[in-house]
J.: 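Right, I'll just put the structure down here and ask away after.
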Amino acid sequence: MSDTTPAAETAAPHRYTAQLAADIERRWQDRWETEGTFAAANPSGDLDSDPELAARPKKFIMDMFPYPSGAGLHVGHPLGYIATDVYARFQRMTGHNVLHTLGFDAFGLPAEQYAVQTGTHPRVSTEANMVTMQAQLRRLGLGHDRRRSFATIDPDYYRWTQWIFLQIYNSWYDKAADRARPIAELVAQFADGTRETPDGRPWAELTAAEQSEVLSGHRLAYAAQSPVNWCPGLGTVLANEEVTADGRSERGNYPVFKANLRQWMMRITAYADRLLSDLDALDWPEAIKLQQRNWIGRSEGARVDFPVRTADGQASADAAVTVFTTRQDTLFGATYMVLAPEHELVEAIVPAAWPEGTHPVWTGGHATPADAVAAYRKQAASKSDVERQAEAKDKTGVFTGAFAVNPVSGDPVPVFIADYVLMGYGTGAIMAVPAHDTRDFAFARAFELPMRCVVEPTDGRGTDTTTWDDAFASYDATIVNSAGEGISLDGLGVVEAKAAITRWLSERGIGEGTVNYRLRDWLFSRQRYWGEPFPIVYDEDGVPHALPDSMLPVELPEVDDYSPRTFDPDDADTSPETPLSRNAEWTTVELDLGDGPRTYRRETNTMPNWAGSCWYELRYLDPNNSERLVDPAVESYWMGPRDGRPAGGVDLYVGGAEHAVLHLLYARFWHKVLFDLGHISSVEPFHKLYNQGMIQAYVYRDARRIAVPAAEVEELGGEYWYNGERVTRLLGKMGKSLKNAVTPDEICAEFGADTLRLYEMAMGPLDVSRPWEPRAVVGQYRLLQRVWRNVVDEATGEVTVSDAEPDEETLRALHKAIDGVSGDMAELRFNTAIAKITELNNHLTKAAAPVPRAVAEQLVLLIAPLAPHIAEELWSKLGHTASLTHADFPVADPALAQDPEVTCVVQIKGKVKARLEVPPAIPEAELEALALADPAVVAALGGAAIRKVIVRAPKLVNIVI
RNA sequence: GCGGCGGUGGCGCAGUGGCGACGCAGCAGACUUAGGAUCUGUGGCCCUUGAUCGGGCUUGAGGGUUCGAAUCCCUUCCGCCGCACCA
């Protein structure tokens with residue numbers, strides 16, 4: 001595979017070639033494995049092998065869990081793994097006990113779909129994929145502690161996933177204490193009367209089913225009938241997060257419908273505030289924090305009750321529609337109301353006939369309100385979210401025939417239904433203030449509804465709304481036109497007006513200040529085979545029972561058919577059927593759960609793909625513990641809170657930005673529950689998060705827009721040709737389907753793993769996406785060749801270093817490099833670290849003399865985290881018998897890292913006219929005198945009068961004339 | 001539409017107020033039968049010169065602050081990423 005011919009080989013039999021690299025790399029990988037070089041020491045338990053190591057400061061470094069895909073890796077995949085490995089190796093050399101390993105997130109749809117197509121058990125194909133991927137990763141020389149690796153599909157692992165599920169199931173959120181507590185403590189409160197039951201009956205008088213139902217309303221994991229995203233094409237329900245903005249499944253791109261189904265949910269909303277506020281202490285990219293904040297979507301406002309006349313014509317305080325608004329200050333401007341089409345009160349308020357004088361555009365041309373509402377509801381339900389989306393600008397809706405009363409002005413306001421109000425947000429009903437809300441404005445214009453200006457525009461448009469082109473929505477203005485019984489907001493600013501009206505509302509019991517969240521509870525069940533079974537059974541009354549710990553794990557049974565029943569993707573009128581439900585032998589089970597052997601029916605849903613990755617960081621710590629999820633002493637050692645990381649957590653977590661909300665939010669939620677229940681000492685799972693960029697690749701397409709093999713495209717004078725046909729070039733993702741994938745195996749074969757590692761790290765900053773440039777890889781290969789040649793004679797293979805003392809210039813170059821490289825490594829700036837190593841090596845190459853041993857050794861140590869195989873080989877050639885994994889990383893001598901002379905630039909009017917070599921500590925006056933006396937300066941000045949001299953010792957003198 | 005990030009040689013990118021790092025490509029040379037191997041040198045554009053020297057212009061565009069701007073401020077254009085009728 002190497003480009004080097006036999007001729008060159010004979011000339012330099014010990015040149016650093018791809019073959020030599022392959023030989024070195026395989027040998028060191030074997031040695032690391034047999035010596036257990038990367039074993040991290042626990043303070044106690046079965047992995048406490050080395051107390052000296054455990055006594056060092058710890059670093060817990062993690063990559064996001066890979067899914068073992070059957071397609072194999074391309075060079076983009078290991079980018080993050082290489083980066084964490086470099087960082088981990090650097091940390092080992094700076095005296096840390098480093099925990100770095102990698103497991104597999106191995107439950108998932110691809111294996112199941114493959115099983116459906118081929119009949120291969122998902123476990124079989126998944127395990128084969130893991131073997132392939134392990135081999136590919138091993139070839140890169142990643143320093144993982146293999147003892148700590150596992151896959152989520154291991155029963156020993158998912159036993160604890162199920163255990164955590166039960167912990168969550170058996171907990172409730174105590175709002176007063178602001179934490180989760182065991183459900184038994186809630187039962188005790190109901191039992192002794194401290195807490196009243198919903199209907200006031202004593203707890204003991206409730207049937208088991210009723211008690212179960214009550215508790216279900218509090219449990220952090222609960223089964224409930226709720227509107228969920230049903231995807232007939234996949235045959236499963238999906239979490240909101242798995243549905244794209246245009247209402248399709250993220251996987252498969254099938255239509256998704258709203259259906260009311262009984263599903264398992266996680267009460268993540270109980271943690272909304274903590275998930276939000278605890279972000280502050282985390283060292284995460286702002287963009288990710290922002291996405292989480294937006295996803296949680298906290299907004300402060302008020303709930304306000306609007307009395308409505310019911311269908312029988314009675315105005316009644318009982319029939320009130322509650323709205324959520326963030327602009328309670330504009331309540332006087334509410335001239336109509338809108339309910340979501342699905343709102344439960346709609347039917348109750350629709351009268352038999354249109355009220356006298358109903359505006360024709362409000363009725364949609366229907367004879368009665370009931371007809372109009374039914375027609376609109378039907379139309380809204382049949383529309384996919386895509387269609388709603390497309391029509392977002394055109395406001396549609398219909399009058400219900402009912403009127404409500406604006407509680408502050410007393411004015412009657414018509415009640416509409418319209419699909420611009422969403423059932424899932426707030427209360428599913430709004431008060432519409434067309435003058436001060438853009439959506440309401442558009443609706444009011446379309447339906448010729450009145451407007452009332454209650455916030456004085458500051459842009460000079462005046463208060464006559466008939467002349468307006470849009471709503472005036474600014475917060476920075478004063479309230480007008482807002483005086484009523486016992487209240488006047490006139491003259492107040494928006495903020496004060498909000499406070500005043502909120503107080504007035506709560507005094508009267510018709511509203512209150514409240515906080516609303518966009519975040520909803522997490523849909524946790526899937527109609528899939530290849531996932532963790534729920535540790536739940538149902539008795540003959542349908543009451544769910546948690547299985548005791550002793551019955552875990554509930555293992556996945558064998559089935560004949562892995563597929564859920566799927567349907568016509570467009571048929572909304574279908575409902576899910578799980579693969580596990582077809583296995584009667586498994587679903588029906590006789591158990592003794594404390595009251596004698598009885599027959600139970602197993603839960604046949606499985607957990608979603610995220611379950612296994614919600615807590616894996618904890619299992620890396622103590623992977624073999626059969627008694628506990630993780631030993632508290634071990635957890636506190638690796639993840640406990642300490643200075644600089646008050647919430648504790650992993651020291652560095654590297655992965656793609658695509659997990660910004662899903663995985664990271666779920667994992668934080670589980671972590672907090674486990675913390676509340678006292679199982680762990682850290683409040684957050686991941687202290688520092690880093691998003692690596694993507695490696696992109698050029699996609700070449702022919703005239704039919706079909707991708708052609710990128711490797712076979714030729715460039716001729718700025719144009720691209722394939723098989724004699726001109727093709728176009730665009731930057732895109734790397735992948736098999738685009739025919740532009742480059743595999744790590746190819747690069748390793750052509751140059752070696754160290755070159756691949758170096759190139760991936762040198763391409764640019766880790767967090768930036770950049771194109772893979774096949775031609776540029778050779779640059780890093782050359783660097784390694786030069787490093788090799790600076791230490792080893794290519795003809796004899798003998799070490800060439802001298803025992804001479806390094807000259808001062810070399811020493812300074814070395815210490816400057818050390819200084820820069822250590823700083824860069826600590827901050828994950830591997831690209832600039834490599835540039836500085838290259839600079840040093842170029843200096844040594846140009847010196848054209850044997851490299852002094854002291855300098856060679858430091859150079860080898862500097863490059864060791866980046867290119868560990870060649871570094872180990874050189875280190876051993878230099879006479880060291882032990883691996884350099886735990887050798888001390890070079891430390892810069894500050895006196896040598898700084899130049900004895902710095903170049904001072906002398907500018908005249910900002911243009912450089914002369915350069916002086918001066919000591920760094922030169923006094924300003926002396927520097928100025930030196931500059932003014934310089935012949936070049938004198939010449940450039942030509943006797944002109946000097947107006948001013950700016951001296952910035954020691955680097956600059958600027959003369960102004 | 002709202003929010004975030006970013007635009008520097010042919011390319012990937014260094015550089016957070018004061019000499020454009022490092023690599024690729026290119027060009028010239030060396031070793032070579034040859035080289036897409038390796039080594040050495042060169043290194044944006046324009047003017048001037050036989051060649052040096054010298055001078056001018058360059059960090060998306062335009063303006064501003066400053067003795068001095070890739071860096072700070074304003075305006076504008078382009079690209080990428082989130083969110084998207086969230087009341």
Side-chain angles (χ1 to χ4, degrees), chain A residues 2-5 7-9 11-12 15 17 245-246 285-291 293-295 297 299 301 323-328 330 338 388-389 391-395 418-422 424-433 437-440 442-443 516-519 657-658 660-661 691 715 718 731 758-759 762-765 767-783 785-786 789 794 820 829 831-839 841-842 845-846 848 902-905 907-912 915 947-950 952 955-961:
Chain A
S2 165
D3 292 336
T4 315
T5 64
E9 289 272 277
R15 170 169 288 177
T17 59
D246 48 352
E286 268 315 308
I288 302 293
K289 287 192 183 184
L290 198 70
Q291 281 184 57
R293 288 193 187 107
N294 289 343
W295 191 263
S299 58
V323 303
F324 172 74
T325 177
T326 56
R327 292 301 303 271
Q328 60 269 40
T330 62
V338 185
R388 284 197 187 190
Q389 185 81 23
E391 296 158 11
K393 273 156 258 148
D394 307 322
K395 293 283 178 284
D419 65 4
Y420 85 94
V421 172
L422 310 173
Y425 186 78
T427 60
I430 61 157
M431 64 176 211
V433 185
D437 179 281
T438 52
R439 296 150 301 181
D440 298 344
F443 190 84
N516 193 60
Y517 298 94
R518 184 180 168 274
L519 182 71
E658 67 274 17
V661 284
N691 294 122
E715 184 182 349
L731 205 52
L758 219 41
Y759 178 63
M763 289 169 79
D767 56 351
V768 171
S769 295
R770 54 283 163 71
W772 180 264
E773 169 57 89
R775 287 183 305 190
V777 183
V778 71
Q780 302 307 323
Y781 179 58
R782 286 181 192 143
L783 168 63
Q785 285 187 319
R786 286 174 204 161
R789 202 178 302 120
E794 289 189 338
R829 294 188 303 254
N831 54 329
T832 51
I834 292 168
K836 283 160 193 165
I837 292 171
T838 308
E839 237 176 318
N841 194 56
N842 286 349
T845 304
K846 281 176 194 157
V902 297
T903 307
C904 173
V905 180
Q907 299 176 333
I908 293 173
K909 290 202 300 182
K911 304 288 180 210
V912 179
R915 297 197 165 91
R947 288 209 348 239
K948 194 174 170 188
V949 180
I950 294 140
R952 291 280 177 274
K955 300 205 61 159
L956 177 106
V957 176
N958 191 5
I959 301 161
V960 188
I961 52 175

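Here the structure is a predicted model, which is why all the values come from computation and not from measurement. Convention: sequence-line order gives letters A, B, ...; per-chain numbering from 1.
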J.: Between atom NZ in A:Lys289 and atom C1' in B:G4, what is the gap in whole Å?
T.: 15 Å

J.: Give RNA chain B the dot-bracket treatment, 5' to 3': Watson-Crick (N1-N3 with N6-O4 or O6-N4) or G-U (N1-O2, O6-N3) under 3.5 Å, [ ] crossing, | other strand.
T.: (((((((..(((.....[...))).(((((.......))))).((((......))))..(((((..]....))))))))))))....

J.: Quick one: on RNA chain B, does A:Asn842 or A:Gly428 contact a more 5' nucleotide (nearest heavy atom)?
T.: A:Asn842

J.: Quote, to the nearest angstrom, the P distance that separates B:U71 from B:G62.
T.: 13 Å

J.: If you round to the nearest 0.5 Å, how far is CG of A:Leu783 from CD1 of A:Ile837?
T.: 7.5 Å

J.: Could you tell me whether the side chain of A:Asn842 reaches within less than 4.5 Å of the side chain of A:Arg786, counting heavy atoms only?
T.: yes

J.: Exactly one of A:Gln780, A:Glu839, A:Met763 should register a side-chain contact (heavy atoms from CB on, under 4.5 Å) with A:Ile834. Which one does?
T.: A:Gln780

J.: In whole angstrom, give me the gap between the P atoms of B:U76 and B:C81.
T.: 24 Å

J.: Could you tell me the separation between the OH atom of A:Tyr420 and the P atom of B:A87, rounded to a whole number of Å?
T.: 13 Å

J.: Between A:Asp767 (CG) and B:C5 (P), how many Å, whole number?
T.: 13 Å

J.: For B:G9, is chi within 90° of 0 (syn) or not (anti)?
T.: syn

J.: Counting side-chain heavy atoms from CB outward, which of B:C39, B:G4, B:A87 is closest to A:Leu290?
T.: B:G4

J.: Please give the distance between the P atoms of B:C19 and B:U58 as a whole number of Å.
T.: 16 Å

J.: Say we look at B:G10 and B:C27: how far apart would their P atoms be, to the nearest angstrom?
T.: 16 Å

J.: Can you list the residues that meet the side chain to side chain donor-acceptor pair (under 3.5 Å) rule with A:Tyr517, with sequence neighbours excluded?
T.: A:Asp273

J.: Remember a base hit wins even if backbone is also touched, and classify A:Thr438 as base, sugar-phosphate or nothing at under 4.0 Å, heavy atoms.
T.: nothing

J.: Just how far is it from atom CZ of A:Arg327 to atom CG of A:Asp440, taken to the nearest 0.5 Å?
T.: 11.5 Å

J.: Please identify each residue that fulfils ring pair (Phe, Tyr, Trp, His ring centres under 6.0 Å) with A:Phe443, with sequence neighbours left out.
T.: A:Tyr336, A:Phe416, A:Tyr420, A:Phe447

J.: Can you list the residues that meet the salt bridge (charged side-chain N to carboxylate O under 4.0 Å, His left out) rule with A:Glu658, with sequence neighbours excluded?
T.: none

J.: Partners of A:Arg829 by salt bridge (charged side-chain N to carboxylate O under 4.0 Å, His left out), sequence neighbours excluded?
T.: A:Asp824

J.: Within the structure, does a side-chain N or O atom of A:Arg789 lie under 4.0 Å from either OP1 or OP2 of B:U38?
T.: no

J.: Rounded to whole angstrom, note down the C1' distance from B:G29 over to B:U48.
T.: 28 Å

J.: Could you pull out all residues at least two apart from A:Trp295 that satisfy ring pair (Phe, Tyr, Trp, His ring centres under 6.0 Å)?
T.: none

J.: Identify whether any heavy atom of A:Asn516 sits under 4.0 Å from a base atom; if not, whether one sits that close to sugar-phosphate; answer base, sugar-phosphate or nothing.
T.: nothing

J.: Which residues pass the salt bridge (charged side-chain N to carboxylate O under 4.0 Å, His left out) test with A:Arg782, sequence neighbours left out?
T.: none

J.: Would you mind reading off the distance between A:Trp295 atom CH2 and B:A84 atom C1', rounded to a whole angstrom?
T.: 11 Å

J.: Considering only side-chain heavy atoms of A:Arg15, which listed nucleotide, B:A87, B:A21, B:U38, is closest?
T.: B:U38

J.: Grab the N/O contacts between the protein and nucleotides 6-15 of chain B below 3.5 Å, and write none if there aren't any.
T.:
residue	atom	partner	partner atom	Å
B:G12	O2'	A:Met763	O	2.7
B:A14	OP1	A:Asn831	ND2	3.3

J.: May I ask you to say what A:Ala776 touches in the nucleic acid, namely base, sugar-phosphate or nothing, with a heavy-atom cut-off under 4.0 Å?
T.: sugar-phosphate

J.: Counting the atoms with a prime plus P, OP1 and OP2 as sugar-phosphate, which does A:Ile950 contact under 4.0 Å by heavy atoms, base, sugar-phosphate, or nothing?
T.: base

J.: Assign each of A:Lys836 and A:Ile430 to its nearest nucleotide of RNA chain B by heavy atoms, then name whichever residue's nucleotide is nearer the 5' end.
T.: A:Lys836

J.: Is A:Arg293 near enough to B:G82 that one of its side-chain N or O atoms lies under 4.0 angstrom from OP1 or OP2?
T.: no

J.: For a 4.5 angstrom cut-off between non-hydrogen side-chain atoms, does A:Thr845 reach A:Arg789?
T.: no

J.: Using the P atom as the reference point in each nucleotide, state the distance between B:A14 and B:G4 in Å, no decimals.
T.: 23 Å

J.: Which of the following nucleotides, B:G41, B:G4, B:A87, is nearest to the side chain of A:Ala287?
T.: B:G4

J.: Using only side-chain N and O atoms of A:Arg518, determine if any of them is under 4.0 Å from OP1 or OP2 of B:C83.
T.: no

J.: Would one find a side-chain N or O of A:Gln785 under 4.0 angstrom from OP1 or OP2 of B:U38?
T.: yes

J.: With the side chain of A:Tyr425 defined as its heavy atoms from C-beta on, choose the nearest nucleotide among B:C24, B:A21, B:A87.
T.: B:A87

J.: Where the side chain of A:Arg782 is concerned, which of B:G41, B:C22, B:A37 is the nearest nucleotide?
T.: B:A37

J.: Can you tell me, in whole Å, how much space there is between the P of B:G64 and that of B:A70?
T.: 15 Å

J.: Name the closest nucleotide to the A:Val421 side chain, picking from B:A87, B:C85, B:U38.
T.: B:A87

J.: Nearest whole angstrom, please: distance from the C1' of B:A87 to the CG of A:Asp440.
T.: 7 Å

J.: Which nucleotide in the set B:C22, B:G23, B:U40 lies at the smallest distance from any side-chain heavy atom of A:Thr845?
T.: B:U40

J.: Does a side-chain N or O from A:Arg327 land closer than 4.0 Å to OP1 or OP2 of B:A87, or not?
T.: no

J.: State which residues pass salt bridge (charged side-chain N to carboxylate O under 4.0 Å, His left out) with A:Asp437; sequence neighbours excluded, sorted by chain then number.
T.: A:Arg439

